Amino acid sequence: MAEQWHFNPEMETLSRAELDALQVQRLRRSVVRSMQAPIYRDGAFAGKLDPETITSIDDIRRLPFTTKDDLRANGPFAYLTVPLSEIVRIHSSSGTTGTAVSIFHTSDDLANWTELVARCMAAVGLSKEDVFQNIAGYGLFTGGLGFHYGSELLGMTTIPAGPGNSNRHIQLMQTFGTTVAHLMPSYALSLMRNFEALGVDPKTDTKLHTLFLGAEPHSEETRLKIEEFYGAKAYNSYGLTEMNGPGLSFECPARDGMHIWEDQFVVELIDPDGDQPVAEGEVGELVYTTLARVGMPIFRYRSRDLAAFIAGPCGCGRSHRRITRLMGRVDDMIIYKGVNIYPIQIEKVLSGYSGITDNFLIVLENDQKGERITVEIDTEDRQLTTECAESDRLRKSLIEALRSEILVTVRIEFRQVAGDDALPRMKPKRIDDRRLK
Ligand code: AMP
Ligand code: ZN
């Protein structure tokens, strides 16, 4: 086990019993405080949980769930426990699944969030000796400012690079001696082409040793591919705007799942189609409650994100619960001929091939003859988009490899990148379900 680093040793090394007790105490405090917000005082939550009767964290199940639709329908003001004058920052979700949801933070909320990001960074061995390049959007998206303040709190030299010009990122890395970068996995893959075109090898021509990959699902295979190219350790960083953003969950040096900081969040795994917890080890929908949020506390938020718990203690010594890499979102789960398929399984197979990109679209169709599933894959190799022996060979190999991963026979179509029919990149849509119900 690698050497251990802690930003807040007291909170990070609490025993399970201490964490349980702290959660109960903080849930009580949050329930009391939430009575200041109209939605909790007068809405669906009213009278559901008397703080005096909370003796175990399981008592949280007496509260109703909060959904994205609830947050949209009621608007952020209904959830505020403080006047707007106490709010110092607003963030919004990306709105990929509809109208964006806004989350309001007080200065205490920002301090708590920032500490969690700093903890994640310290946990993987980063310190003030490091130079951090944040290749994330600095607007309402949480990945920009969220990572930025965590990095500064840790004392790292921070470059607020933002997204955009790829060659400039490489130039910045070389000029300032960047040792750590935060970026989306799909962007890490596409940036490889810029490195190659410029003749810069990140392994020898930069000081990069650590990457944070966040904001979208990616497979272990994709992580390994990125690590190999950059010659850096890549850590999964998962968060969502409703739970601050980055800092909710992170990988420690044991790299066996992601811890959730349970001193600030309660995490449940619920049957995506129902309201009961899933059995230990099963995939379920992650449901979160904020325990330290002052301005806009949220109880039992149905994230639509799918993962499973990892049982047992972690090699790093932290007792905060761990979850697996995300399988995707509930809306991304395909049921095809009775079989559950997750886009991440397709990505895992594609990442083992050269000549094609990681960008793909799963098309589902049906007619009198039954259901059909086609995987459309971007390629830079023009030849593959024509009927030839090479495309035939690759197609057969992919069909075989996908069959052993998802237990279903698919059709494969190659589409040329940069051509008119190329698939869109960055937080791409993975599923086009054209089936008639
Ligand atoms: P947003 O609130 O708009 O930043 O989007 C948050 C969503 O992005 C989460 O609910 C996840 O679905 C997805 N996401 C963020 N980080 C990761 C990650 N490391 N792995 C998989 N999905 C992620
Ligand atoms: Zn750990």
Side-chain angles (χ1 to χ4, degrees), residues 1-6 12-13 67-68 71-72 90-103 117 119-120 122-125 136-137 139-147 182-188 211-220 222-223 226 234-262 267 272 285-288 298 301-307 310-333 342-344 347 426-430:
M1 188 64 247
E3 193 188 332
Q4 293 308 307
W5 294 272
H6 298 100
E12 294 182 47
T13 59
T67 64
K68 214 179 202 43
L71 294 176
R72 279 192 195 120
I90 298 172
H91 279 284
S92 275
S93 62
S94 53
T96 38
T97 55
T99 325
V101 162
S102 300
I103 300 296
V117 178
R119 283 191 210 171
C120 300
V124 298
L140 289 161
F141 173 55
T142 57
L145 292 174
F147 260 94
H182 164 227
L183 69 183
M184 287 168 79
S186 56
Y187 190 64
L211 298 172
F212 287 105
L213 303 178
E216 59 186 9
H218 54 288
S219 62
E220 182 65 26
T222 297
R223 183 234 293 266
I226 292 170
Y235 294 93
N236 199 351
S237 158
Y238 156 64
L240 52 151
T241 311
E242 293 81 354
M243 295 298 125
N244 299 345
L248 167 71
S249 178
F250 73 104
E251 277 186 310
C252 64
R255 287 156 56 104
D256 185 11
M258 299 184 285
H259 291 275
I260 308 259
W261 290 122
E262 285 186 280
V267 54
E285 179 182 352
L286 289 155
V287 171
Y288 299 105
I298 299 180
Y301 180 67
R302 299 202 67 141
S303 68
R304 313 300 282 157
D305 287 333
L306 294 166
I310 297 178
C314 181
C316 79
R318 289 176 181 84
S319 50
H320 299 251
R321 285 196 95 147
R322 283 174 299 153
I323 55 168
T324 59
R325 187 175 280 288
L326 256 64
M327 303 296 293
R329 298 181 54 78
V330 175
D331 328 278
D332 288 343
M333 193 178 73
Y342 302 98
I344 199 168
E347 184 205 302
M426 300 301 277
K427 283 230 186 205
K429 183 169 163 254
R430 292 295 186 208

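Predicted model only: the values in this text are computed from it and were never measured. Note that ligands are numbered from 1 as they come in the structure, with each ligand's atoms numbered from 1 the same way. What's counted below: heavy atoms across the whole structure, side chains too, no hydrogens, waters or symmetry copies.
Using bins of under 30°, 30° to 60° and over 60° for the plane-to-plane angle, the ring pair F212/Y235 lands in the tilted bin.
A donor-acceptor pair is defined here as one N or O able to donate and one able to accept, closer than 3.5 Å; no such pair exists between the side chain of R318 and the backbone of W261. T67 contributes no side-chain N or O that, together with a main-chain N or O of R302, makes up a donor-acceptor pair within less than 3.5 Å.
Those atoms of ligand 1 that come under 4.0 Å of a heavy atom in L240, given as number and element, are 2 (O), 6 (C), 10 (O). Counting atoms of ligand 1 from 1 in the listed order, those under 4.0 Å from a heavy atom of N236 are 18 (C), 19 (N). For ligand 1, the atoms closer than 4.0 angstrom to any heavy atom of L326 are 21 (C), 22 (N). Interface atoms of ligand 1 facing R329, defined by a heavy-atom separation under 4.0 Å, are 10 (O), 12 (O). With ligand atoms numbered from 1 in the order given, ligand 1 contributes 16 (N), 18 (C), 19 (N) to contacts under 4.0 Å with heavy atoms of S237. In the vicinity of Y238, heavy-atom distances shorter than 4.0 Å reach the ligand 1 atoms 15 (C), 16 (N), 17 (C), 18 (C), 19 (N), 23 (C). Atoms of ligand 1 lying under 4.0 Å from at least one heavy atom of S93, given by number and element, are 2 (O), 3 (O).
Contact annotation for P217 and ligand 1: heavy atoms of both the backbone and the side chain come within less than 4.0 Å of the ligand. Both the backbone and the side chain of T241 come within contact range of ligand 1, each with a heavy atom under 4.0 Å. Of all the heavy atoms of R325, none lies under 4.0 Å from any atom of ligand 1, so neither backbone nor side chain is involved.
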Note to self: Before you tell me yes or no, could you show the steps for S186 and E216 under side chain to side chain donor-acceptor pair (under 3.5 Å), namely the whole-Å CA-CA distance, both residues' side-chain angles and the distance that decides it to 0.1 Å?
What the structure shows: CA-CA 8 Å; S186 56; E216 59 186 9; 2.6 Å; yes
Next item on the list: Could you walk me through whether E347 and T222 pass the side chain to side chain donor-acceptor pair (under 3.5 Å) test, one step at a time?
Entry: CA-CA 8 Å; E347 184 205 302; T222 297; 2.5 Å; yes
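F250 does not carry R119 over the face of its six-membered ring by the limits of under 6.0 Å from the centre and within 45° of the normal.
Checked for salt-bridge contact, E251 and R223 meet the test: a charged N lies under 4.0 Å from a carboxylate O.
In terms of N/O distances under 3.5 Å, ligand 1 is approached by D305. By the 3.5 Å distance cut-off applied to N or O atoms, E216 is counted among the residues near ligand 1.
Rounding to 10 degrees gives 110° for the angle at the Zn ion (ligand 2) between SG of C314 and SG of C252.
Taking all atoms of both residues into account, the shortest heavy-atom contact from A307 to R325 is CB-O, 4.3 Å. In terms of heavy-atom proximity, A234 sits nearest to R255 at O-NH1, 3.1 Å. Closest heavy-atom contact between W5 and A122: CB-O, 2.7 Å.
Among the heteroatoms counted here (N, O or S) of H259, NE2 is the one nearest to the Zn ion (ligand 2).
Look at G245 and you'll find every heavy atom at least 4.0 Å from all atoms of ligand 1. For the pair A215 and ligand 1, a heavy-atom separation below 4.0 Å is found.
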